[in-house]
Amino acid sequence: MNFDVITLFPKAFELINNLGVITRALEKNLINVNLHDLREYGEGSYRQVDDKPYGGGSGMVLKPEPIYKAHDSINKMKNSKTLLMTPQGKVLKQSDLLRWSSLDQLIIICGQYEGFDERVRYLADEEISIGDYVLSGGEIPAISIINGLTRLLPGTLGDAGSLIDESHNSSLLEYPHYTRPLIFKNMKVPDILVSGNHKEIKLWRKQKMLERTAERRIDLISKKKNENSKNKKNKKI
Ligand code: SAH
């Protein structure tokens with residue numbers, strides 16, 4: 001999978017080289033991360049990429065021309081999508097990562113400062129937010145997407161089974177994990193997990209997934225219920 005990232009701060013992506021399984025995916029050529037330094041597409045001898053907003057107001061806005069030029073310079077593959085990082089976008093879900101994992105190429109545009117000129121939106125297939133808060137730039141959101149997507153690619157994780165039960169894969173959060181020691185600070189690993197009874201362990205884990213989700217993220221269960229009843233209604237029609 002190829003990631004092409006348009007950014008004013010390519011150095012921020014050095015983090016990717018220090019992220020365990022993601023680093024291994026880079027080494028195994030499962031992913032390519034091509035960084036396109038927006039500054040190189042800036043205008044004039046100062047390589048200007050931003051300007052004051054029309055109508056006044058605080059901060060600087062990324063100009064459209066450099067971003068369009070950078071985007072034009074990228075060789076588009078057959079199955080390619082362009083994502084725009086913005087707190088105004090659709091909030092990222094695990095299902096989005098799964099959906100994009102079959103693409104050949106993901107082009108990611110990172111904003112900075114007050115954001116970008118509104119006309120940049122026309123380049124994007126999807127506008128994505130990583131949560132209802134505002135960061136100073138789109139680099140951390142882009143790294144989150146690259147990270148989350150890469151671990152879904154076959155060959156990245158040592159054990160692909162870890163993807164199945166994990167939180168947000170279904171509408172449930174994952175069950176609690178324990179490892180050695182058996183007793184730590186008076187806290188004991190539940191007996192069932194050392195019983196060797198795999199059928200019972202499976203049931204216990206399912207039960208914990210339900211309890212945990214009900215306790216912490218009841219919204220995930222009600223959302224799933226609504227989706228299911230909507231699907232049933234559609235079938236009836
Ligand atoms: N003034 C803008 C926010 C600009 S933040 C507004 O109110 O909408 C600067 C840049 O950081 C954005 O252009 C975007 O690329 C990135 N960014 C900040 N928060 C983000 C979030 N939650 N998700 C995705 N990108 C974000």
Side-chain angles (χ1 to χ4, degrees), residues 1-19 22 31 33-43 46-74 76 80-101 103 105-152 167-168 216-217 219-220 223:
M1 170 127 201
N2 288 276
F3 296 98
D4 283 273
V5 186
I6 301 175
T7 169
L8 253 186
F9 295 100
K11 278 203 164 156
F13 291 83
E14 283 172 12
L15 178 61
I16 291 180
N17 295 320
N18 298 292
L19 288 174
I22 308 306
I31 59 165
V33 182
N34 306 310
L35 301 171
H36 305 270
D37 187 347
L38 190 57
R39 186 65 65 189
E40 286 176 16
Y41 300 90
E43 299 181 320
Y46 289 108
R47 299 251 167 234
Q48 187 184 354
V49 293
D50 57 343
D51 211 336
K52 287 184 238 152
Y54 273 120
S58 57
M60 297 295 270
V61 174
L62 289 177
K63 290 163 67 58
E65 308 94 311
I67 299 183
Y68 270 75
K69 270 192 211 155
H71 192 265
D72 279 349
S73 78
I74 297 170
K76 313 288 181 307
S80 170
K81 256 188 200 292
T82 297
L83 307 182
L84 185 61
M85 300 296 96
T86 162
Q88 301 184 19
K90 172 187 183 289
V91 177
L92 182 68
K93 293 273 178 297
Q94 185 69 12
S95 52
D96 297 314
L97 297 176
L98 261 174
R99 195 159 53 77
W100 299 327
S101 65
L103 293 173
Q105 181 184 38
L106 209 50
I107 302 172
I108 308 180
I109 305 174
C110 306
Q112 273 290 334
Y113 315 126
E114 274 312 311
F116 32 76
D117 183 286
E118 188 67 13
R119 290 160 290 188
V120 169
R121 298 218 136 97
Y122 294 106
L123 284 178
D125 295 304
E126 296 183 45
E127 297 184 24
I128 299 295
S129 161
I130 60 159
D132 292 338
Y133 44 85
V134 181
L135 302 173
S136 65
E139 286 70 19
I140 290 172
I143 291 172
S144 307
I145 289 175
I146 295 171
N147 185 306
L149 217 153
T150 302
R151 59 191 292 289
L152 295 178
S167 310
H168 303 298
R216 298 174 184 215
R217 291 294 304 273
D219 60 301
L220 294 177
K223 221 186 275 163

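Whatever order the structure lists them in is the order used to number ligands and atoms, beginning at 1. All figures in this text were calculated on a predicted structure; none of them were measured in a lab.
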Nearest 0.5 Å please: distance from the CD1 atom of Ile67 over to the CZ atom of Arg119. 11.5 Å
Residues Asp37, Arg39: salt bridge by 4.0 Å N-O rule: no
Other residues, nucleotides and ligands only: do more than 12 of their heavy atoms fall within 6.0 Å of NZ on Lys90? yes
Please tell me whether Glu127 and Thr86 have a donor and an acceptor in their side chains that are separated by less than 3.5 angstrom. no
Heavy atoms of other groups near Leu19 CG, more than 12 under 6.0 Å: yes
Just to be sure I understand the cut-off, which residues have at least one non-hydrogen atom under 4.0 angstrom from an atom of ligand 1? Met85, Thr86, Pro87, Gln88, Gly111, Gln112, Tyr113, Glu114, Gly115, Phe116, Ile128, Ser129, Ile130, Gly131, Tyr133, Val134, Leu135, Ser136, Gly137, Gly138, Pro141
Does Tyr122 have more than 12 heavy atoms from other residues, nucleotides or ligands lying within 6.0 Å of its OH? no
